[in-house]
Structure formats: structure tokens, C-alpha cells
Amino acid sequence: MRFLKELKNKTWAGYAASGCIIVAFYVLLTHLSPVLSGVGAFLGFFWPVFLSLIISYVMNPLVGFFERRLSKGIKSSKISQSLSVFISFVLVIAAVAVIMVGLIPQIAGSIVTLISNMGGYISSLQELISSAPSDREIFGINISSITGLGDTVLSEVEGFLTTNASGIIGASVNIGQSFVTFIISMILSIYILVDKENIMGAIRRFLGLVMSEKTYHNASEFWRRCHHILIRYMVYDIVDGIVIGVINFVFMLIMRMPYAVIVSLTVGITNLAPTFGPLVGAAVGAFILVLVNPWQALFFIVFTIILQTFDGYIFKPKLFGDTFGVSSVLILAAIITGGRMFGVVGILFAIPAAAILDFIYRDYVCIKLRERRELISKETVSKESVSKEPKDGEDPSDNDS
């Protein structure tokens with residue numbers, strides 16, 4: 001210990017430590033990919049725990065809803081909490097089971113039919129494209145280049161589906177493994193929700209010991225606002241996706257379009273992602289329909305534009321209210337940055353992340369800057385007043401003159 005204290009006081013020791021840090025940082029940057037792979041492999045061991053925490057966080061509002069109702073008739077908080085967790089998971093599992101029983105057979109049948117008829121659809125569409133006059137021009141655009149491009153794209157799609165069958169089977173195996181991990185995480189999340197009061201109490205005691213009272217209060221208020229934004233966004237975004245998917249399904253049934261279930265499910269799921277999600281859903285649905293009937297694909301695209309206009313300008317603003325009063329530029333920047341950093345998850349949570357950054361800027365950064373400016377102004381005024389005060393033995397009238 002004495003050697004370390006003496007070494008700490010040496011001037012060259014600081015330079016040596018700084019050099020080691022710079023070298024370590026350079027090695028980290030030049031070997032970033034294997035380092036990230038190692039960190040990812042290490043964190044993979046804890047993935048079921050992380051997933052259970054996410055499930056607990058998402059289920060907690062529903063558990064709290066039943067807990068508030070049951071606490072009026074049951075005196076024991078432990079019993080009411082356990083019953084709330086049990087009822088919440090039973091309802092969610094039952095709802096998922098009903099959806100799976102109703103949708104999976106139709107989705108599986110639609111996928112099998114689509115794949116089995118893919119060759120015929122592509123051949124019919126190729127004949128339709130090739131039958132267009134190759135020398136015709138529309139608005140100065142030569143149709144021959146478009147027909148050639150369409151023929152190439154269809155050939156590539158057919159080759160992709162043929163050569164990637166083994167990859168689809170491998171993806172199915174990975175889905176099975178992920179399902180087992182999800183079941184383990186769900187069981188662990190039940191224990192977390194049942195014992196959440198003890199867990200949260202331990203966290204509060206720890207934070208209260210390591211933080212000052214003011215810092216702890218500010219951190220609690222900050223987390224409360226973030227929690228409100230995240231929960232409100234997740235719940236309302238899911239509701240919005242369900243409503244858009246159902247409206248799309250009703251439209252396709254009325255128009256007698258094929259593959260209504262799988263297309264509407266794709267539209268509803270992709271609608272959860274802001275800005276770019278509806279475009280992806282429209283592209284997937286239009287591609288499936290154009291193989292069967294190009295006119296139906298055109299009607300689908302027109303209806304999707306109308307539906308997304310209604311959703312973006314009428315339904316979503318009414319649904320979300322004033323929770324996300326964030327500029328579109330900040331949202332778009334958050335979507336692009338989040339997508340590049342975290343993929344689909346980053347895109348899904350771009351809006352709440354932008355809302356959190358917005359209120360941090362308005363309610364923390366701006367207030368601190370304003371307080372700092374007022375403090376500087378007060379110090380300037382006090383210095384000027386001190387400089388104007390007469391010194392000992394000096395006539396005050398001299399300053400006035």
C-alpha cells in the first residue's frame with residue numbers, strides 16, 4: 001500500500017497510466033468485433049433472466065390493475081398480489097392460446113398454398129409483363145426496361161425460395177429453442193412479480209444509502225416519468241396495431257382478396273414500428289397480392305395509403321394524446337440511430353426514446369442552464385454594486401459626479 005501511495009505521487013506514473021489507457025482503448029477499437037462477440041456470448045448466459053425482467057415489466061400494469069381491485073376485498077396483500085399475478089398470466093395465456101388456435105391453422109394453410117402456387121403465380125405474372133408492348137412509352141419512360149427489371153426480380157425471388165429451404169428449416173429449429181427459453185423466462189417472471197415488493201424494497205434501500213435525499217428524489221421522479229412514457233407507448237402501440245390489422249382484414253374480406261389473414265397479420269405487426277413499419281407491411285402485402293392479381297394489389301396499395309393517413313393524422317394522435325409532443329425531426333433521427341445501433345428493437349422504441357430525450361432537454365438541461373444564467377447575472381449585479389460602494393474615507397458625492 002505504501003508503494004502504491006508513493007507511486008501515485010510520481011509525475012511519470014500519471015503519464016504511464018494515461019498511455020496504458022490509450023493503448024488499451026486502441027486495442028479495443030481494433031478488435032471490436034471479437035470483443036463484442038465475447039460480451040454477447042457472456043451476456044447470452046443471462047438472457048433468460050433479462051427476458052424475465054422484461055416480461056415482468058410488461059405484465060406489471062395488468063397485475064397492478066387486478067391487485068387494486070382485489071385489495072378491497074382481501075386484507076392480506078400477499079394473497080391479493082399472488083392472485084393478481086395468477087389471474088393476469090392466465091388471461092394472457094388464454095388470449096394467446098385463442099389467437100393461436102384461430103390464426104395458426106389459417107396462417108399455415110396460407111403459407112403452404114402460397115409456396116405451392118408460387119411457381120404458377122410467377123409464371124402468370126411473367127407472361128403478363130412480357131405481353132406488354134416493349135416499345136411503348138408512358139410519360140417518356142420506356143416500358144421495356146421496366147418489364148425486363150420485373151422479370152429479373154421475379155426470377156430472383158423464385159431462386160431465393162428454392163435455394164433457401166434448408167435455411168427456413170434451420171430457422172424453425174431456432175424458433176423452437178427460443179420458445180423453450182421464453183417459457184423458462186415466463187416462469188421466472190412469475191416469481192419476480194410475486195416477490196416484487198421485497199425486490200423493489202431492497203433496491204430502494206440500496207439507492208437511499210448510496211444517494212443523497214435530493215438525488216434519490218430526482219432519480220425517482222425521472223424514472224416515474226420514463227416508466228409512464230414507456231408503458232403508455234407499449235399499450236397504445238399494441239392497440240393501434242390490432243385496430244389497423246382488423247380494419248385491413250375486414251377490407252380484404254369485403255374485396256374477396258386471398259391470404260387475408262397472413263397479410264393483415266403482417267400489416268398489424270409491422271405497424272408497431274414507427275414511420276417505416278407501415279411501408280414494409282404495405283410492400284409485403286402488395287407483393288403477395290401482385291402474384292395472384294395485380295389489380296387487387298393496386299387496390300390494396302390505395303387502401304393502405306388511405307388507412308395509414310387516417311392512422312397517422314387522426315387515430316394515433318387521439319390515442320396517444322399529448323404524451324409524445326416531440327418534433328418529427330427528433331423522432332426520425334431517433335428511428336435512424338436506433339435502427340443502426342439496435343436493429344428492430346431500436347426502431348420500435350425510437351418514439352419513447354425521443355420523448356424521454358425531449359423531456360430531459362426541456363425539464364433538466366434547459367432548467368439547469370437557466371439557473372446558471374440567473375446565478376451569473378446575480379453575481380454580476382452584486383459585483384457592480386460592490387464596485388459602486390464608496391471606499392473608506394471617500395466622499396460618496398465623488399462617485400455621483
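The figures that follow rest on heavy atoms only: side chains count, while hydrogens, waters and symmetry mates do not.
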Kindly compute the distance separating [atom1] ([X]) from [atom2] ([Y]), expressed to the nearest 0.5 Å.
| X | Y | atom1 | atom2 | value |
| --- | --- | --- | --- | --- |
| D311 | I244 | CG | CD1 | 3.5 Å |
| L62 | L91 | CG | CG | 6.5 Å |
| Y259 | Q296 | OH | CD | 11.0 Å |
| I55 | I187 | CD1 | CD1 | 10.5 Å |
| S264 | I242 | OG | CD1 | 13.5 Å |
| I238 | I269 | CD1 | CD1 | 11.5 Å |

Are the side chains of [Y] and [X] in contact, using a 4.5 Å heavy-atom criterion?
| X | Y | answer |
| --- | --- | --- |
| D195 | K78 | yes |
| L307 | I247 | yes |
| V261 | F249 | yes |
| I376 | R373 | no |
| M186 | F89 | yes |
| T181 | S185 | yes |
| L357 | Y361 | no |
| M252 | L289 | yes |

Ignoring hydrogens and geometry, is there a side-chain-to-backbone donor-acceptor pair from [X] to [Y] under 3.5 Å?
| X | Y | value |
| --- | --- | --- |
| S52 | S189 | no |
| N218 | K214 | yes |
| Q81 | L193 | yes |
| S80 | L70 | no |

ask   = Taking atom CD of E213 as the centre, does the number of heavy atoms from other residues, nucleotides or ligands within less than 6.0 Å exceed 12?
value =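 Open: at most 12 neighbouring heavy atoms sit under 6.0 Å from CD of E213.
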ask   = What is the ring orientation for Y364 with F359, classed by angle as parallel under 30°, tilted 30 to 60°, or perpendicular over 60°?
value =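 Tilted: the ring planes of Y364 and F359 meet at 30° to 60°.
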inquiry  = Over 60° means perpendicular and under 30° means parallel, so tell me whether F251 and F303 are parallel, tilted or perpendicular.
reply    =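 Answer is parallel, since the angle falls under 30°.
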Could you list the donor-acceptor pairs under 3.5 angstrom formed by side chains in residues 202-212, with sequence neighbours left out?
from, atom 1, to, atom 2, distance (Å)
S212, OG, T215, N, 3.3
S212, OG, T215, OG1, 2.8

task = Scan residues 57-74 for pairs that pass salt bridge (charged side-chain N to carboxylate O under 4.0 Å, His left out), counting only residues two or more places apart or in two chains.
result =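 Listed by first then second residue: E67-K196.
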Exercise: identify the closest heavy-atom pair between T270 and G281 =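 So the two residues come closest at OG1-CA, 3.2 Å.
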